[in-house]
S.K.: 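My questions will all concern the structure given below.
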Amino acid sequence: MSPADNEIRIRGLAIGARPRTDWTLDEVKALFELPLFDLLYAAQWVHRQHFDPNAVQCSTLLSIKTGACPEDCAYCPQSIRFDTGIETHDLMPLDEVRKAAERAKAAGATRFCMGASYRGPKDWQLEPILEMVREVKAIGLETCVTLGLLREGQAERLAEAGLDYYNHNLDTSEAFYPKIITTRTFADRLETLRRVRAAGIKVCCGGILGLGESREDRISLLHVLATLDPHPESVPINRLVRIPGTPLENATELDSFEFVRTIAAARVLMPASHVRLSAGRTEFSEEMQALCLLAGANSMFYGEKLLTTANPSTADDDALFARLGLVRESAPVRDESRSAVAT
Ligand code: SAM
Ligand code: DTB
Ligand code: SF4
């Protein structure tokens, strides 16, 4: 029996190492609602079938175009509809992007993710971004962009430029989604994900917790993610950063253990994917971050800034890694490589 065929049983639930995309909603619910320590054990077991449990993949974000976005995502400081006081700017010049990518590489990141506040880029707006992808790739970093909805042909152009990952989150359940975003649909998002996959680009897709959604919504989001075929290679799990001026500025803070549960369930449901502990870390204690990593998260945003908000400093992250005996995952030599180097 190969390791991929391994299986354990916890309270009657079969937990396997092999990725499967036929999860039923009832199975996801039963997994999510396990006693937390049973769920953590399952997540740890699955994590160790595919990854070095002490290695964390580090991605650095850069907002290459900030604010004045026509969409109405209720969590987002960049929507033109909300007065959040952020500093907006048009597309950044190429050499600034290159310098930021060089700094990220020197600090130890292996992936550089460029975000732009578009509903979706127009064809002419894509051209300079293709240049950025080529430049960042030439530095020796994996490339990722998040540009919103893609039209026909755009994913192919990004793939030709050498793009490795496209980030496009489902954000929440299909049922709760219209309470958060009205300017584009859940189905629009799935269509962009389909285009990205069809063009041969790896998919980075996850969500945000703490929007006021119910546990059922979190279970449903995980169910949709875990039945994408194949699974997204990267699964960012964000906790809402409550931004003054947005409709969600006073949202109730999500219970930390509910967040950990979601990470652990994502790990079990998508065994070979990188699960990213994403936005929200500045409000987490170091113990909470450690618990998320123990629950199967094996990726982080690394660098002082997310898109418009703060992230822990690299010095703080390096100190935390040292205390926990973690290493930064090295850049993949081949796509399936998962070797690690000491920080
Ligand atoms: N405009 C593009 C789009 O919407 O796809 C790309 C950038 S958008 C800011 C990328 C993702 O960041 C969103 O899908 C959301 O999951 C996350 N995000 C945005 N604002 C956030 C916040 N306040 N707290 C947590 N996550 C947030
Ligand atoms: C993702 O899931 N989270 C990142 C990235 N993908 C693009 C963005 C988080 C943004 C948090 C709010 C901000 O900094 O503006
Ligand atoms: Fe615009 Fe993306 Fe923010 Fe929505 S999440 S308002 S699409 S930048």
Side-chain angles (χ1 to χ4, degrees), residues 59-82 84-89 91 111-121 125 129 143-150 154 165-172 177 180-186 188-193 195-196 203-213 221 225 232 234-251 253-254 259 263 266 274-284 297 299-312:
S59 294
T60 294
L61 277 167
L62 178 70
S63 183
I64 56 172
K65 186 239 171 229
T66 306
C69 181
E71 301 297 281
D72 70 351
C73 312
Y75 49 76
C76 188
Q78 303 199 60
S79 168
I80 200 161
R81 298 162 198 240
F82 317 137
T84 59
I86 57 162
E87 228 174 88
T88 66
H89 63 83
L91 196 68
R111 192 179 307 163
F112 195 66
C113 178
M114 296 168 272
S117 52
Y118 295 123
R119 169 180 165 80
Q125 288 171 323
I129 295 175
T143 52
C144 177
V145 295
T146 180
L147 313 171
L149 300 174
L150 292 180
Q154 292 187 328
Y165 289 83
Y166 194 86
N167 166 247
H168 197 57
N169 292 338
L170 291 173
D171 280 344
T172 190
Y177 183 96
I180 301 298
I181 302 151
T182 70
T183 48
R184 56 180 155 170
T185 65
F186 197 80
D188 290 335
R189 293 199 183 235
L190 289 170
E191 175 59 14
T192 286
L193 292 171
R195 288 186 171 163
V196 168
V203 170
C204 173
C205 180
I208 315 185
L209 311 184
L211 301 171
E213 78 285 352
L221 167 66
L225 291 170
S234 253
V235 182
I237 307 288
N238 298 276
R239 193 175 74 169
L240 175 69
V241 180
R242 291 168 296 182
I243 315 271
T246 64
L248 292 175
E249 66 175 314
N250 295 317
E253 188 171 298
L254 182 74
F259 188 85
I263 291 210
H274 279 84
V275 175
R276 183 172 308 117
L277 172 55
S278 302
R281 283 204 294 127
T282 51
E283 291 171 32
F284 289 163
S299 170
M300 275 186 182
F301 287 122
Y302 182 71
E304 273 72 13
K305 214 166 165 199
L306 294 167
L307 291 174
T308 65
T309 65
N311 198 40

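Quick note: numbers below take in every heavy atom, side chains included, and nothing from hydrogens, waters or symmetry partners. Order of appearance sets the numbers: ligands from 1, and atoms from 1 within every ligand.
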S.K.: Mark yes or no for whether R189, through its side chain, and N169, through its backbone, hold a donor-acceptor pair below 3.5 Å.
M.R.: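 Such a contact is found between R189 side chain and N169 backbone.
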S.K.: Are I243 and F82 packed together at the side-chain level, in the sense that at least one heavy-atom pair is separated by less than 4.5 angstrom?
M.R.: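 Contact flag for I243/F82 side chains = no.
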S.K.: Using atom types as modelled and distance alone, determine if a side-chain donor or acceptor of R111 lies under 3.5 Å from a backbone N or O of C144.
M.R.: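 A pair under 3.5 Å: no.
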S.K.: Please report whether ligand 2 has a polar contact with P236, defined as an N or O pair separated by less than 3.5 Å (distance criterion only).
M.R.: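 No - when backbone and side-chain N and O of P236 are compared with those of ligand 2, no distance drops under 3.5 Å.
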S.K.: Do Y166 and R195 meet the criterion of a side-chain donor-acceptor pair at a distance under 3.5 Å?
M.R.: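 Result is no, nothing qualifies.
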S.K.: If the condition is salt bridge (Lys or Arg N to Asp or Glu O under 4.0 Å), which residues does E249 pass it with, not counting sequence neighbours?
M.R.: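 Partners of E249 by the salt bridge (Lys or Arg N to Asp or Glu O under 4.0 Å) criterion come out as none, since no residue qualifies.
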S.K.: I need the nearest protein heavy-atom contact for atom 5 (C) of ligand 2: residue, atom name and distance, please.
M.R.: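 The protein heavy atom lying closest is F301 CZ, 3.7 Å.
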S.K.: Is P77 touching ligand 2 with its side chain, its backbone, both, or neither, if touching means heavy atoms under 4.0 Å apart?
M.R.: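 The part of P77 near ligand 2 is the side chain, not the backbone.
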S.K.: With backbone taken as N, CA, C and O and side chain as the heavy atoms from C-beta onward, which portion of I208 lies under 4.0 Å from ligand 2: side chain, backbone, both, or neither?
M.R.: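 Neither part.
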S.K.: Counting non-hydrogen protein atoms only, what is the nearest one to atom 12 (C) of ligand 2? Give residue, atom name and distance.
M.R.: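 For atom 12 (C) of ligand 2, the nearest protein heavy atom comes out as T309 OG1, 3.6 Å.
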S.K.: Measure the distance from atom 2 (Fe) of ligand 3 to every protein heavy atom, then report the residue, atom name and distance (to 0.1 Å) of the closest one.
M.R.: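 Result for atom 2 (Fe) of ligand 3: R184 NH2, 3.9 Å.
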S.K.: With atoms numbered from 1 as shown, which atoms in ligand 2 lie under 4.0 angstrom from a non-hydrogen atom of L61?
M.R.: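 What qualifies from ligand 2 is 4 (C), 5 (C), 7 (C).
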S.K.: Answer yes if the side chains of Y75 and N238 hold a donor-acceptor pair under 3.5 Å, and no otherwise.
M.R.: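 Checked: Y75/N238 side chains show no N/O donor-acceptor pair below 3.5 Å.
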S.K.: Heavy-atom contact under 4.0 Å between T146 and ligand 2?
M.R.: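 The answer is yes, since T146 has a heavy atom less than 4.0 Å from ligand 2.
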S.K.: Just by modelled atom types, is the G67 backbone N or O under 3.5 Å from a matching donor or acceptor in the S117 side chain?
M.R.: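 Looks like yes, one N/O pair under 3.5 Å.
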S.K.: Quick one: nearest non-hydrogen protein atom to atom 10 (C) of ligand 2, plus distance?
M.R.: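 Ranking protein heavy atoms by distance from atom 10 (C) of ligand 2, first comes L307 CD1, 4.1 Å.
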S.K.: If you count the atoms of ligand 2 from 1 in the order shown, which ones are under 4.0 Å from a heavy atom of N167?
M.R.: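 Heavy-atom distances to N167 below 4.0 Å select 6 (N), 7 (C).
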S.K.: For ligand 2, is there an atom lying under 4.0 Å from some heavy atom of Y75?
M.R.: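 No, that is not the case, since the closest heavy atom of the residue is not under 4.0 Å from the ligand.
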S.K.: Test of understanding: with ring-ring contact (aromatic ring centres under 6.0 Å, His included), list the residues that count as partners of Y165, not counting sequence neighbours.
M.R.: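 So Y165 forms no ring-ring contact (aromatic ring centres under 6.0 Å, His included) with any residue.
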S.K.: Heavy-atom pairs closer than 4.0 Å: do any link ligand 2 to the side chain of N169, the backbone, both, or neither?
M.R.: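 It is the side chain that gets close, since no backbone atom is under 4.0 Å.
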S.K.: Please list the nearest protein heavy atom to atom 3 (N) of ligand 2 with its residue and the distance rounded to 0.1 Å.
M.R.: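 Atom 3 (N) of ligand 2 sits closest to the protein heavy atom N238 OD1, 3.0 Å.
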S.K.: Pick one of side chain, backbone, both or neither for how T308 approaches ligand 2, counting any non-hydrogen atom pair under 4.0 Å.
M.R.: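 Both of them.
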S.K.: Using modelled atom types and a 3.5 Å cut-off, is there a donor and acceptor pairing between side-chain atoms of R81 and backbone atoms of P70?
M.R.: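 Yes, R81 side chain to P70 backbone: donor-acceptor pair under 3.5 Å.
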S.K.: Between L149 and Q154, what is the shortest heavy-atom contact and its length?
M.R.: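 Closest approach of L149 to Q154: O-OE1, 4.3 Å.
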S.K.: At less than 4.0 angstrom from any atom of ligand 1, which residues have a non-hydrogen atom? List them by chain and residue number.
M.R.: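 Only Y75, A116, Y118, T146, G148, H168, N169, D171, R184, I208, N238, R239, L240, V241, I243, A279, L307 have heavy atoms that fall under 4.0 Å of ligand 1, ordered by chain and number.
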S.K.: Could you grab the protein N, O or S atoms closer than 2.8 Å to atom 1 (Fe) of ligand 3 for me?
M.R.: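 The answer, once waters are left aside, is C69 SG.
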